[in-house]
Asks: 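Got a structure for you, questions after.
All values reported here derive from a predicted model rather than from experimental measurement. Just the heavy atoms: all of them, side chains too, but no hydrogens, waters or symmetry mates, feed the values below.
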Amino acid sequence: MTTHTPHAPQAVTLPASLDEAVDALAATPTAVPVAGGTDLMAAVNSGRLRPSALVGLGRIAEIRGWQYQDGHALLGAGLTHARMGRPDFAALIPGLAAAARTAGPPQIRNAGTLGGNIASAAPTGDALPVLAALEATVIVAGPGGARREVPVSHLLAGVEMLRGGELIGYVRVPLLHAPQVFLKATGRTGPGRATASVALVLDPARRSVRCAVGAVAPMPLRPLEAEQWIAGLIDWDDNRALVPDAVTAFGDYVAAACIPDPAPAEDGSVQQLPPAVLHLRRTVAALARRALGRALS
């Protein structure tokens, strides 16, 4: 945390329930909610944010665990990456657990939360492509005890936004009991921010493949045509058999969909992608290929 006293907030409220936190935000519209603070304090220390008041969410026990609900897991927004990385959670939602284990060094995983990952909507957020591939939804708490459900993809794309006085309370994730894989590439050895990431989910019940690519755009990208194409090639009745060449082609399909070639110029000439972008496309292709291979194995 910063030691510069002029940056310190004027007031800190520590509610004990989700509705109390919503009331605190309604009473002070300029207040900023904070849970783990991994993104917030970075913004404060860099001078990009000067909150006049904070609403701390660390004492709200109801959002720090999870429960089962109609074939779904209702995950509290206060779940930390460290908690999601444990074996019991991994047995429940393995893709999200894999992402949580890669979310930076231990001090970040111990503090950073699922709700914070969604609210900050950083392109490199490790949980975001997994939530997109799982087609998760967010339960938003509003004034007067109001609750509304919003698809995570809508929130990240700006199709629907948090309104004044609202907070992310829970994340609703379907329990698929199906193969889930999360892979990411970083610019250095060990934990770090993703340069590209891929989440992939096989859903045998619906005979579908869902894939989301993170870190290459402001929000996770779903290559829907690539998903439908590969799902149509999988022999769902024969141990999910698939010819090896199709796995390689799927990786290329995903990468080209997420990082397309430039449009032709007015004179008809075709520009080449810069070397760095071509390298990123190859990275996405490799991640998608490996993710599908692991999910099918």
Asks: Give the minimum heavy-atom separation between Ala295 and Val181, together with the two atoms involved.
Replies: N-CG2, 3.8 Å

Asks: Same hydrophobic cluster for Leu18 and Leu75, using side-chain heavy-atom links shorter than 4.5 Å among ILVMFWY?
Replies: no

Asks: Judged by atom type as modelled, is there a donor-acceptor pair below 3.5 Å linking the side chain of Lys184 to the main-chain atoms of Val198?
Replies: no

Asks: Minimum heavy-atom separation for Ala257 and Pro223, please, with both atom names.
Replies: CB-CB, 4.0 Å

Asks: Which heavy atom in Val130 sits nearest to a heavy atom in Phe182, and how many Å separate them?
Replies: CG2-CD1, 3.6 Å

Asks: Can you name the nearest heavy-atom pair linking Ala199 to Ala133, along with the distance?
Replies: O-CB, 4.0 Å

Asks: For the CZ atom on Arg290, are there more than 12 heavy atoms of other groups (residues, nucleotides or ligands in this structure) within a distance under 6.0 Å?
Replies: no

Asks: Is there a donor-acceptor pair closer than 3.5 Å between any side-chain N or O of Gln180 and the backbone N or O of Gly95?
Replies: yes

Asks: Evaluate the side-chain proximity of Pro244 to Val247: yes if any heavy-atom separation is below 4.5 Å, no if none is.
Replies: no

Asks: Can you measure from CD1 (Ile230) to CG (Leu296) and round to the nearest 0.5 angstrom?
Replies: 7.5 Å

Asks: Should the pair Asp19-Arg147 be classified as a salt bridge under the 4.0 Å nitrogen-to-oxygen rule?
Replies: yes

Asks: Indicate yes or no for a side-chain donor-acceptor contact from Arg59 to the backbone of Pro15 under 3.5 Å, with no hydrogens or angles considered.
Replies: no

Asks: Please name the pair of heavy atoms, one in Ala77 and one in Thr113, separated by the smallest distance, quoted to 0.1 Å.
Replies: O-CB, 3.5 Å

Asks: If you apply the rule salt bridge (Lys or Arg N to Asp or Glu O under 4.0 Å), what do you find for Arg240 with Asp235, and how did you get there?
Replies: CA-CA 5 Å; Arg240 300 192 290 267; Asp235 189 343; over 6 Å; no

Asks: Under 4.5 Å between any side-chain heavy atoms of His279 and Thr195, yes or no?
Replies: no

Asks: I need the minimum non-hydrogen distance between Gly165 and Val22, along with the two atoms involved.
Replies: O-CG1, 3.2 Å

Asks: Can you measure from CD (Glu227) to CZ (Arg210) and round to the nearest 0.5 angstrom?
Replies: 8.0 Å

Asks: Hydrophobic cluster membership, with links at side-chain heavy-atom distances under 4.5 Å among I/L/V/M/F/W/Y: are Leu131 and Phe89 in one?
Replies: yes

Asks: Between Arg289 and Thr248, is there a donor-acceptor pair closer than 3.5 Å when you use the side chain of the first and the backbone of the second?
Replies: no

Asks: Heavy atoms, side chains only, cut-off 4.5 Å: are Leu92 and Tyr68 in contact?
Replies: yes

Asks: Please answer: with hydrophobic residues joined when any side-chain heavy atoms are less than 4.5 Å apart, are Ile63 and Leu96 in the same cluster?
Replies: no

Asks: Could you check if a side-chain atom of Val284 sits within less than 4.5 angstrom of a side-chain atom of Val216, using non-hydrogen atoms only?
Replies: yes

Asks: Between Glu166 and Leu162 (side chain of the first, backbone of the second, donor and acceptor by atom type, cut-off under 3.5 Å), is there such a pair?
Replies: no

Asks: Any side-chain to backbone donor/acceptor pair from Arg109 onto Gly104? Under 3.5 Å, distance only.
Replies: yes

Asks: Check whether more than 12 heavy atoms from other residues, nucleotides or ligands sit under 6.0 Å from atom CD of Glu149, and answer yes or no.
Replies: yes

Asks: Indicate yes or no for a side-chain donor-acceptor contact from Ser197 to the backbone of Leu183 under 3.5 Å, with no hydrogens or angles considered.
Replies: no

Asks: Where the side chain of Arg222 meets the backbone of Cys211, is there a donor-acceptor pair that is under 3.5 Å apart?
Replies: yes

Asks: Say whether Leu14 and Leu25 are linked into one hydrophobic cluster, either directly or through other cluster members, by side-chain heavy-atom distances under 4.5 angstrom.
Replies: no

Asks: Checking salt bridge (Lys or Arg N to Asp or Glu O under 4.0 Å) for the pair Asp252/Arg282: CA distance, chi angles, key distance, verdict?
Replies: CA-CA 8 Å; Asp252 295 336; Arg282 287 193 292 268; over 6 Å; no

Asks: Check the surroundings of atom CD in Gln107: do more than 12 heavy atoms from other residues, nucleotides or ligands lie under 6.0 Å from it?
Replies: yes

Asks: Quick one: do Leu233 and Leu242 satisfy side-chain contact (heavy atoms from CB on, under 4.5 Å)? Show the steps, please.
Replies: CA-CA 7 Å; Leu233 294 180; Leu242 185 67; 3.6 Å; yes

Asks: Answer whether the closest heavy-atom distance between the side chains of Ser17 and Glu62 falls below 4.5 Å.
Replies: yes

Asks: Answer yes or no: is there a donor N or O on one side and an acceptor on the other, between the side chain of His72 and the main chain of Asp70, under 3.5 Å?
Replies: yes

Asks: Could you give me the CA-CA distance, side-chain angles and deciding distance for Val209 and Asp203, then say whether side-chain contact (heavy atoms from CB on, under 4.5 Å) is met?
Replies: CA-CA 6 Å; Val209 177; Asp203 191 345; over 6 Å; no

Asks: For the atom pair CD1 (Ile108) and CG (Asn110), what is the distance rounded to the nearest 0.5 Å?
Replies: 9.5 Å

Asks: With a 4.5 Å heavy-atom cut-off, do Tyr170 and Trp66 have their side chains touching?
Replies: no

Asks: More than 12 foreign heavy atoms under 6.0 Å from CD of Glu225: is that the case here?
Replies: no

Asks: Decide yes or no on side-chain contact (heavy atoms from CB on, under 4.5 Å) for Val152 and Thr137, but give the supporting numbers first.
Replies: CA-CA 5 Å; Val152 168; Thr137 58; 5.7 Å; no

Asks: Can you check whether Ile168 reaches Leu155 side chain to side chain, under 4.5 Å on heavy atoms?
Replies: yes

Asks: Are Leu167 and Val138 grouped together when hydrophobic residues (ILVMFWY) are joined by side-chain heavy atoms under 4.5 angstrom apart?
Replies: no

Asks: Answer yes or no: is there an ion pair linking Asp88 with Arg83, defined by an N-O contact shorter than 4.0 Å?
Replies: yes

Asks: Please round to the nearest 0.5 Å and tell me the distance separating atom OG1 of Thr186 and atom CG of Asp126.
Replies: 10.0 Å

Asks: Assess, by modelled atom type and distance only, whether the side chains of Arg193 and Thr124 contain a donor and an acceptor separated by less than 3.5 Å.
Replies: yes

Asks: Say you draw a straight line from CG of Leu176 to CD1 of Ile93; how long is it, rounded to the nearest 0.5 Å?
Replies: 9.0 Å

Asks: Do the non-hydrogen side-chain atoms of Leu156 and Pro220 ever get within less than 4.5 Å of each other?
Replies: yes

Asks: Checking side-chain contact (heavy atoms from CB on, under 4.5 Å) for the pair Glu160/Arg148: CA distance, chi angles, key distance, verdict?
Replies: CA-CA 11 Å; Glu160 295 186 60; Arg148 65 187 180 100; 3.5 Å; yes

Asks: Rounded to the nearest 0.5 Å, how far does CD1 of Ile259 lie from CG of Leu280?
Replies: 3.5 Å

Asks: When you compare the side chains of Ser52 and Thr30, does any donor N or O come within less than 3.5 Å of an acceptor on the partner?
Replies: yes

